[in-house]
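These figures come from a predicted structure and were not determined experimentally. Protein chains get the first letters and strands the later ones, always in sequence-line order, with residue 1 at the start of each. The figures here come from the full heavy-atom set of this structure, side chains too, leaving out hydrogens, waters and symmetry mates.
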2 protein chains.
Amino acid sequence: MTIKMDQKKQKLFEARAKIIKAMAHPTRLFIVDELSKGEKCVCEITGMIDADISTVSKHLSVLKASGIIQDEKRGSQVYYKLKCSCILGFFNCVENVIKTTANDHKKLIR
Amino acid sequence: MTIKMDQKKQKLFEARAKIIKAMAHPTRLFIVDELSKGEKCVCEITGMIDADISTVSKHLSVLKASGIIQDEKRGSQVYYKLKCSCILGFFNCVENVIKTTANDHKKLIR
DNA sequence: ACAACATTTGGCGATTTTGCCAAATGATCA
DNA sequence: TGATCATTTGGCAAAATCGCCAAATGTTGT
């Protein structure tokens with residue numbers, strides 16, 4: 001019900017938003033950043049995050065449902081890894097936006 | 001209170017998440033996509049979206065607050081445009097994730 | 001089978017986001 | 001000045017998200 005005319009277009013943007021939404025949380029962003037260095041099991045990830053294990057698990061399932069990461073069970077542990085390394089391009093651009101904003105603030109002060 | 005040890009790291013990921021969060025909505029994604037083709041005034045944008053004008057205006061202000069877009073008033077109209085074209089890299093990657101997921105589903109069916 | 005470990009799921013209150021309406025603000029023009 | 005157009009802001013109810021606890025599930029080793 002948001003974008004006019006085209007039903008398909010609407011669905012397309014919803015699908016895209018779901019993926020971006022999956023990254024739209026500090027903890028999940030941190031997880032993606034860590035996984036970009038290589039696969040990790042849940043216990044390694046929870047060791048780095050100050051939240052309940054169940055909370056971390058839910059963050060992981062959001063990322064998995066979006067198709068950004070994938071899991072693999074080995075013994076009693078579950079290992080997660082990125083499915084698309086292009087995700088890292090996000091960070092570069094985000095950093096760019098942060099820098100630009102910081103620069104604009106400086107200009108205002110000058 | 002999410003990522004262990006480092007206070008600065010925490011703030012960094014929060015700042016990044018804020019920017020990604022700004023894109024994490026179908027309507028806002030649509031707006032960014034449209035603005036990637038060139039600047040547009042609010043009335044042009046609202047003409048393409050089936051929602052209250054005030055709703056669109058609020059979406060625009062979220063994008064503006066995140067530093068992704070900027071506005072410029074000309075006469076009685078306000079024109080918006082992207083601040084960083086790298087934002088478009090997001091779409092490519094998102095499309096990639098969607099395709100990969102679709103492929104995985106096909107494999108399951110086969 | 002039982003205890004211990006790793007992870008996920010259910011549920012629930014607290015917080016945040018969303019979207020509409022109505023009202024306010026600002027610019028243009030008669 | 002008053003009317004009208006363009007846009008933003010305030011407020012509020014509905015919906016979605018977040019994070020904890022407790023409980024369930026699955027695995028390993030005894």
Rounded distance (Å) that lies between atom C1' of D:dC5 and atom CD of B:Glu44: 15 Å
Parallel, tilted or perpendicular: ring planes of B:His59 versus B:His25, cut at 30 and 60 degrees: tilted
Value in whole Å for how far the P atom of D:dG19 lies from CG of A:Asp50: 11 Å
Candidates C:dG10, C:dT7, D:dC21 - which lies nearest the side chain of A:Lys58: C:dG10
Touch class at under 4.0 angstrom, heavy-atom based, for A:Lys64 against every strand present: nothing
Between D:dT17 (P) and A:His59 (NE2): distance, integer Å: 12 Å
Interatomic distance, A:Leu63 CG vs D:dC18 P [rounded to whole Å]: 11 Å
Axial cation check for B:Phe91 ring with A:Arg16, 6.0 Å and 45° limits: no
Spacing of A:Ile49 atom CD1 relative to C:dT7 atom C1', expressed in whole Å: 14 Å
Among C:dC20, D:dT17, C:dT8, the one nearest B:Asp52 by side-chain distance: C:dC20
Cys pair A:Cys93, B:Cys84: SG separation below 2.5 Å: no
Joint hydrophobic cluster, B:Val62 plus A:Leu29, side-chain heavy atoms closer than 4.5 Å: no
Annotated protein contacts, base or backbone, on nucleotides 25-30 of chain D with a non-hydrogen cut-off under 4.0 Å, one of B, S, - each: -SSS--
A:Tyr80 side-chain N/O to C:dT8 phosphate OP1/OP2 under 4.0 Å: yes
B:Glu72 CD - C:dG26 P separation (whole Å): 19 Å
Selection from C:dT8, C:dG19, D:dG19 that lies nearest to any side-chain heavy atom of A:Ser57: C:dT8
For atom CD1 of B:Ile53 and atom P of C:dA24, their distance in whole Å: 18 Å
Separation of D:dA16 P from A:Glu14 CD (nearest whole Å): 12 Å
CD1-OG distance between A:Ile98 and B:Ser66, expressed to the nearest 0.5 angstrom: 10.5 Å
From D:dC20, D:dG19, C:dG19, nucleotide with atom closest to A:Ser54 side chain: D:dC20
Polar side-chain atom of B:Ser57 near backbone of B:Ile53 as donor-acceptor pair, under 3.5 Å: no
Touch class at under 4.0 angstrom, heavy-atom based, for B:Tyr79 against every strand present: nothing
Separation of A:Glu14 CD from B:Thr27 OG1 (nearest 0.5 Å): 8.5 Å
Sugar-phosphate, base or nothing in reach of B:Leu60, heavy atoms under 4.0 Å: nothing
